Amino acid sequence: MALRSVSRRIGSRILNHRSFVASLHSHATSFGFQEIKEEDKSKLVGNVFTNVASSYDIMNDVMSGGLHRLWKERLVGKLSPFPGMKHLDVAGGTGDVAFRIYDAIYSVKRRALQKVDEASLEETQIYVCDINSNMLNVGKQRAAERGLRDNKSLVWVEGDAEALSFDDNSMDGYTIAFGIRNVTHIEKALAEAYRVLKRGGRFLCLELSHVEIPVFKNLYDLYSFQVIPNLGELIAGDRESYQYLVESVRRFPPQERFAAMIADAGFEKVEYENLVGGVVAIHSAIKL
């Protein structure tokens, strides 16, 4: 699990932040292996997650053999949550990452060791932002099952990663897990992440990525294309949505290129860590 850093080159590689955002427009994008009009992608992706919302967490367990839980724990560990923080978890509708952040902050052991001020705990706000109301409803139901239905630290927001409703420089942390590959313009989502983070704020992205070991890659491709869609049909009754999810991973930029995109958005100290040979990668960066 080597940690790799990406240095931004001085000169032509560094883009002005505003011109970077303004240069994003094209007329076609991908939906899995299909080429579609940009204006159609949001609806098509929305349909996918509406279809899979009720079985999303079960399918994550089945597809990853439960490893997604460890990957998310690793993500939250890198975040180092603290009492009183304002945090934004994007594409996190079911609450899987948000609950882990909440638990890390409200841990009895941590509170005892750090002598946490109760007033700072009350100021903690974890915003769970998702464009899909069905995914948010699953998260709210899970919160209720945890006794957190009316908890003021958890705020559920329906919103678009490419046009966030939050103020500039308002968040201490930003996470997005298995979501950024589904947006129409990755650059816009990164620009919005940069905008809403405070100086010193942490950006963390957990995403399915590209396997580097040739033999393992062949096995992973076989599993992805032959097994996962069948599991989707068997467990969720939806083969097509999981076929899209598999294809969307292959259309996502490789680790180095995505890291460069993060740097181009204005972030510093850009790093990524491959897990399970690159099946997933955690990208991290800071807004300075």
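Along the sequence shown, residues are numbered consecutively beginning with 1. All figures in this text were calculated on a predicted structure; none of them were measured in a lab.
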Should Val76 and Asp103 be marked as a side chain to side chain contact (heavy atoms under 4.5 Å, CB included) after you check the CA-CA gap, both sets of side-chain angles, and the distance that decides it? CA-CA 10 Å; Val76 173; Asp103 290 343; over 6 Å; no
Contact check, side chains of Val270 and Met261, non-hydrogen atoms, under 4.5 Å: no
Does atom CZ of Arg146 have more than 12 heavy-atom neighbours, drawn from other residues, nucleotides or ligands, at distances under 6.0 Å? yes
Point-to-point distance, once rounded to the nearest 0.5 Å, from CG of Asp89 to CD1 of Ile126: 9.0 Å
Please answer: with hydrophobic residues joined when any side-chain heavy atoms are less than 4.5 Å apart, are Val138 and Val155 in the same cluster? no
In terms of relative ring orientation, are Tyr220 and Phe216 parallel, tilted or perpendicular, with 30° and 60° separating the classes? tilted
Shortest non-hydrogen contact from Ile228 to Val246? CG2-CG2, 3.7 Å
Any side-chain heavy atom of Tyr223 sitting closer than 4.5 Å to one from Met63? yes
For Tyr242 and Glu233, test the side chains for any donor-to-acceptor distance below 3.5 angstrom and give the result as yes or no. no
Say whether Gln255 and Ser209, considering side chains only, have a donor N or O and an acceptor N or O under 3.5 Å apart. yes
Same hydrophobic cluster for Tyr244 and Val62, using side-chain heavy-atom links shorter than 4.5 Å among ILVMFWY? yes
Lys78 backbone acceptor or donor facing Arg202 side chain under 3.5 Å: yes
Glu158 atom CD, over 12 foreign heavy atoms within 6.0 Å: yes
What's the spacing between Arg149 CZ and Gln141 CD if we round to 0.5 Å? 6.5 Å
What's the spacing between Ile262 CD1 and Ile180 CD1 if we round to 0.5 Å? 7.0 Å
Heavy-atom closest pair, residues Trp71 and Val279: CH2-CG1, 4.3 Å
Indicate the atoms forming the closest heavy-atom contact of Ile131 with Asp160, along with that distance. CD1-CG, 3.9 Å
Heavy atoms, side chains only, cut-off 4.5 Å: are His283 and Glu271 in contact? no
Here the pair of heavy atoms bringing Val128 nearest to Ala98 is CG2-CB, 3.5 Å
Count I, L, V, M, F, W, Y as connected when their side-chain heavy atoms are under 4.5 Å apart, and connections chain through other members. Are Tyr102 and Leu121 then in the same cluster? yes
At what distance, to the nearest 0.5 angstrom, does CG of Leu148 lie from NZ of Lys140? 14.5 Å
Would you say Thr124 and Tyr106 make side-chain contact, with heavy atoms under 4.5 Å? yes
Can you confirm whether Arg250 sits close enough to Ser224 that some side-chain heavy atom of one is under 4.5 Å from a side-chain heavy atom of the other? yes
Atom pair OG1/CG of Thr94 and Asn134 - distance to nearest 0.5 Å: 12.5 Å
Rounded distance [0.5 Å steps], CG in Leu67 versus CG in Asp61: 10.0 Å
Kindly indicate whether a cation-pi arrangement holds for Arg142 with Phe99, taking the cut-offs as under 6.0 Å to the six-membered ring centre and within 45° of the axis. no
Hey, can you tell me if Tyr174 and Phe203 have their rings parallel, tilted or perpendicular (30° and 60° cut-offs)? parallel
Sub-4.5 Å side-chain heavy-atom contact between Leu79 and His87: yes
Quick one: does Asn132's side chain have a donor or acceptor within less than 3.5 Å of a partner on Met135's backbone? yes
Do the side chains of Met59 and Asp238 get nearer than 4.5 Å, heavy atoms only? no
Should Phe178 and Glu207 count as side-chain neighbours, where that means a heavy-atom distance under 4.5 Å? yes
If you take all heavy atoms of Ala91 and Asp130, which pair is closest and at what distance? C-OD2, 3.4 Å
Tell me whether Lys86 is salt-bridged to Asp172, with the criterion being a basic N under 4.0 Å from an acidic carboxylate O. no
With hydrophobic residues grouped by side-chain heavy-atom distances under 4.5 Å, do Ile286 and Met85 end up in a single group? no
Between the side chains of Asp96 and Arg69, is the shortest nitrogen-to-carboxylate-oxygen separation below 4.0 Å, so that they form an ion pair? no
Quick one: does any side-chain atom of Arg195 pair with a main-chain N or O of Leu164 as donor and acceptor, under 3.5 Å? yes
Write down the atom of Leu288, the atom of Tyr194, and the distance for their closest heavy-atom approach. O-OH, 4.2 Å
With hydrophobic residues grouped by side-chain heavy-atom distances under 4.5 Å, do Ile213 and Phe225 end up in a single group? yes
